[in-house]
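Scroll down for the structure; my scribbles are underneath it.
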Number of protein chains: 2
Amino acid sequence: MKNYVEDLAQTALFVGIEQENIEKLLGCIQAKVVEYKKDELIIEEGSKVYDFGIMLSGHGRAFKIDTMGRIIIITLLKKGSEIGVILAAGSNHKSPVSVQTEEDLSVLSVPFDGLITRCKNNCPQHDRLLRNYINIVAEKGMVLHERIDCLLKPTVREKIMTYLVRVSREQGCRTIAIPFDRYAMSEYLNIERSALSRELSKMKRDGLIDFHKSEFKLL
Amino acid sequence: MKNYVEDLAQTALFVGIEQENIEKLLGCIQAKVVEYKKDELIIEEGSKVYDFGIMLSGHGRAFKIDTMGRIIIITLLKKGSEIGVILAAGSNHKSPVSVQTEEDLSVLSVPFDGLITRCKNNCPQHDRLLRNYINIVAEKGMVLHERIDCLLKPTVREKIMTYLVRVSREQGCRTIAIPFDRYAMSEYLNIERSALSRELSKMKRDGLIDFHKSEFKLL
DNA sequence: GGAGGTATGTTGCGTACGCAACATAATATA
DNA sequence: TATATTATGTTGCGTACGCAACATACCTCC
């Protein structure tokens, strides 16, 4: 456990808490480290989730399989990513997604009750932890909202622009690097990859944007 | 303030807290009642939001205006609805939506800091309140996720089915009443109203569903 | 009941975009 | 440098669906 504390200090959940206090807190909230093998399921679609997790290493993905058997990627996970934060805090707990590892990795697992229940030692760091947790849940909500914002746009061009403008605002610059390759971008915006490429080319021709691979410039 | 306590006891924020304790809490968290006139803005798009609200009466709507000047309804608000819960709890606070009243009404306004900061009296209800709040934020996230689930479906028919099946599961019955008229339903699923009607009719012809107005039956 | 208003259903037309198939560019492998 | 592999771009075709215009059902208020 101890060797993870340094990494945990970098996460959104423990931001603002000194490392020595993190160690104390971990016991307090009944956190434990769980190891997973490659391709193992951390969360199974339909199962009930009462613990949330923080990725301590490796990569994973949250996905679901729809009625036609298509795989739909919901999120990609890396070191520091949170797992099941909304689920554990909700009242239903039944997971709409599966979470699977892409390699051997370990996860810090925390029962939501351990987090929310005020410990007898009444440590002040607990407050900060709770505040951080609420913050994470809220930010996840914002991220979902932002995606809906793109999805609601009627045309491919507007979807693209909505997304690019947002990222540009976030990065405070008209030249931006996006965290997607074309395929992932097309999935995020719910467009065919080829249709996305087609429209991007048109937009370049129209002098709206310039781009090369994942670098975009708004004109 | 006092006369609202009974109503507040019915809300998700105060569930599980006895009325006499609610009254105490309200002072503790620095809640106040704010009156709004018809068509007044409670939240303005782009403004920073640090307080959340609970609708004490009347109706309102959360919306945004996109680049083409179209009005996009995000949520409809009624007595008991929460306002700005995710925003106040987030780290950015800048609102992507406007919230406007549809008539004269009043709102219980609570600074997020008042909620999250442990009061000196250290009242046990405060814990429950926090737990309820996290619950609300998480549920809002789930709701957004569910909508994305529909929006990601490639065809109108699949969007419709995804939505109806979910509501059917929620209500535990194959015959359901949905809270939308056709137009609202089409907006929620991001479909043209006429295209929605067309597909619904086809689905009825195909023996997939039956419906009359807002009553649907899955076959 | 009639008249106006709103919600819902129907239909023809045109096109944006899904789809498939191929072309080219970038990257890895040897 | 040649070769396989993967990312991205291009293009023709067909259709699902947006759009507009109209039809019908339902509701409300004289």
Side-chain angles (χ1 to χ4, degrees), chain A residues 59 61 66-73 76 102 150-164 167 176-217, chain B residues 59 61 66-73 76 102 150-164 167 176-217:
Chain A
H59 294 263
R61 52 180 133 50
D66 75 4
T67 40
M68 314 300 288
R70 285 177 300 245
I71 291 179
I72 301 175
I73 303 284
L76 295 177
E102 286 173 344
C150 293
L151 294 176
L152 288 184
K153 294 296 182 314
T155 66
V156 166
R157 178 171 294 208
E158 281 185 81
K159 283 187 222 286
I160 295 170
M161 275 311 261
T162 303
Y163 174 68
L164 290 180
V167 176
I176 57 177
I178 68 170
F180 293 136
D181 63 14
R182 281 291 171 285
Y183 182 68
M185 185 180 179
S186 75
E187 283 220 313
Y188 178 81
L189 297 175
N190 202 32
I191 306 168
E192 263 310 292
R193 187 199 57 81
S194 73
L196 172 59
S197 274
R198 169 168 46 197
E199 192 61 31
L200 283 174
S201 297
K202 276 194 206 160
M203 289 166 76
K204 186 189 273 188
R205 234 174 285 146
D206 293 352
L208 249 172
I209 60 171
D210 197 11
F211 66 92
H212 176 69
K213 306 190 84 200
S214 293
E215 309 269 335
F216 290 81
K217 187 188 289 191
Chain B
H59 294 263
R61 52 179 132 48
D66 75 5
T67 41
M68 312 301 288
R70 286 177 300 244
I71 291 179
I72 300 175
I73 302 283
L76 295 178
E102 286 174 343
C150 293
L151 294 176
L152 288 184
K153 293 298 180 315
T155 65
V156 166
R157 179 172 294 208
E158 282 185 80
K159 284 188 222 283
I160 296 170
M161 274 311 260
T162 303
Y163 174 67
L164 291 181
V167 176
I176 56 178
I178 67 171
F180 293 137
D181 62 15
R182 281 290 172 284
Y183 182 69
M185 184 179 179
S186 75
E187 283 219 314
Y188 179 82
L189 297 175
N190 203 33
I191 307 168
E192 264 309 295
R193 186 199 58 80
S194 72
L196 171 59
S197 274
R198 168 167 46 196
E199 192 61 31
L200 282 174
S201 297
K202 277 193 206 163
M203 290 166 77
K204 186 188 274 187
R205 235 172 285 145
D206 293 352
L208 251 172
I209 59 171
D210 196 13
F211 66 92
H212 176 70
K213 305 189 86 197
S214 294
E215 309 269 334
F216 290 81
K217 186 188 290 191

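By convention in this document, chain letters (A, B, ...) are assigned in the order of the sequence lines, proteins followed by strands, and residues within each chain are numbered from 1. Everything numeric in this text was worked out from a predicted model, so none of it was measured.
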Between [N] atom [atom2] and [X] atom [atom1], what is the distance in whole Å?
{"X": "A:Leu196", "N": "C:dC19", "atom1": "CG", "atom2": "P", "result": "14 Å"}
{"X": "B:Glu187", "N": "D:dG18", "atom1": "CD", "atom2": "P", "result": "13 Å"}
{"X": "A:Glu192", "N": "D:dA16", "atom1": "CD", "atom2": "P", "result": "15 Å"}
{"X": "A:Asp210", "N": "D:dG9", "atom1": "CG", "atom2": "C1'", "result": "15 Å"}
{"X": "B:Asn190", "N": "D:dG18", "atom1": "CG", "atom2": "P", "result": "8 Å"}
{"X": "A:Arg70", "N": "C:dG18", "atom1": "CZ", "atom2": "C1'", "result": "12 Å"}
{"X": "B:Phe216", "N": "C:dG9", "atom1": "CZ", "atom2": "P", "result": "8 Å"}
{"X": "B:Glu158", "N": "D:dA16", "atom1": "CD", "atom2": "C1'", "result": "13 Å"}

Given [options], the nucleotide with the shortest approach to the side chain of [X]:
{"X": "A:Arg198", "options": "C:dA26, D:dG9, D:dG12", "answer": "D:dG12"}
{"X": "A:Ser197", "options": "C:dT10, C:dG12, D:dT8", "answer": "D:dT8"}
{"X": "B:Asp181", "options": "D:dC17, C:dT8, D:dG12", "answer": "C:dT8"}
{"X": "B:Ile191", "options": "D:dG18, C:dA20, D:dC17", "answer": "D:dG18"}
{"X": "A:Ser194", "options": "C:dC17, D:dT10, C:dG9", "answer": "D:dT10"}

Task: B:Lys213 or A:Lys202, whichever maps to the more 5' nucleotide of DNA chain C - done: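 Mapping each residue to its closest nucleotide by heavy atoms, the 5'-most match is B:Lys213.
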Open item on the list: Please confirm whether the shortest side-chain N or O distance from A:Arg182 to OP1 or OP2 of D:dG9 is below 4.0 Å.
Closed with: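 Checking A:Arg182 against D:dG9: at least one side-chain N or O falls below 4.0 Å of OP1 or OP2.
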Task: side-chain N/O B:Lys204 vs C:dT8 OP1/OP2, d < 4.0 Å - done: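 No.
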Open item on the list: side chain to side chain contact (heavy atoms under 4.5 Å, CB included) for B:Arg61 and B:Ile71? Distances and angles first, verdict last.
Closed with: CA-CA 11 Å; B:Arg61 52 179 132 48; B:Ile71 291 179; over 6 Å; no
TODO: Spell out yes or no: do the side chain of B:Arg205 and the base of C:dG9 have one donor N/O and one acceptor N/O closer than 3.5 Å?
DONE: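 Such a pair does not exist between side chain and base.
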- [ ] Tell whether B:Arg193 reaches the base of C:dG9 with its side chain through a donor-acceptor pair below 3.5 angstrom.
- [x]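 Indeed, a donor on one side and an acceptor on the other fall under 3.5 Å apart.
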To the nearest 0.5 Å, tell me how far [X] [atom1] sits from [Y] [atom2].
{"X": "B:Arg157", "Y": "B:Lys202", "atom1": "CZ", "atom2": "NZ", "value": "7.5 Å"}
{"X": "A:Leu152", "Y": "A:Thr162", "atom1": "CG", "atom2": "OG1", "value": "9.5 Å"}
{"X": "B:Met185", "Y": "B:Cys150", "atom1": "CE", "atom2": "SG", "value": "9.0 Å"}
{"X": "A:His212", "Y": "A:Lys204", "atom1": "NE2", "atom2": "NZ", "value": "8.5 Å"}
{"X": "B:Glu199", "Y": "B:Leu208", "atom1": "CD", "atom2": "CG", "value": "9.5 Å"}

- [ ] For B:Thr155, report the nucleic acid contact type (base, sugar-phosphate, nothing); a contact means any heavy atom under 4.0 Å.
- [x]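 Counting heavy atoms under 4.0 Å across all strands, the contact made by B:Thr155 is with sugar-phosphate only.
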Open item on the list: Classify B:Phe211 by what it touches in the nucleic acid, base, sugar-phosphate, or nothing, heavy-atom distance under 4.0 Å.
Closed with: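 The residue B:Phe211 makes sugar-phosphate contact but no base contact.
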Task: Exercise: identify the closest heavy-atom pair between B:Leu151 and B:Leu189 - done: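 Result for this residue pair: CD2-O, 3.6 Å.
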TODO: Five pairs at each end of the helix from C:dG1-D:dC30 to C:dA30-D:dT1: take the axis at both ends and give me the angle between them to 10°.
DONE: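 Roughly 40° between the end axes, to the nearest 10°.
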Task: 5'-most by nearest nucleotide on DNA chain D - A:Ala195 or B:Val156 - done: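 Between the two, 5'-proximity favours A:Ala195.
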Open item on the list: Does the plane of the ring in B:Phe216 sit parallel, tilted or perpendicular to the ring in B:Phe211? Use 30° and 60° as the thresholds.
Closed with: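 If you compare the ring of B:Phe216 with that of B:Phe211, the planes turn out parallel.
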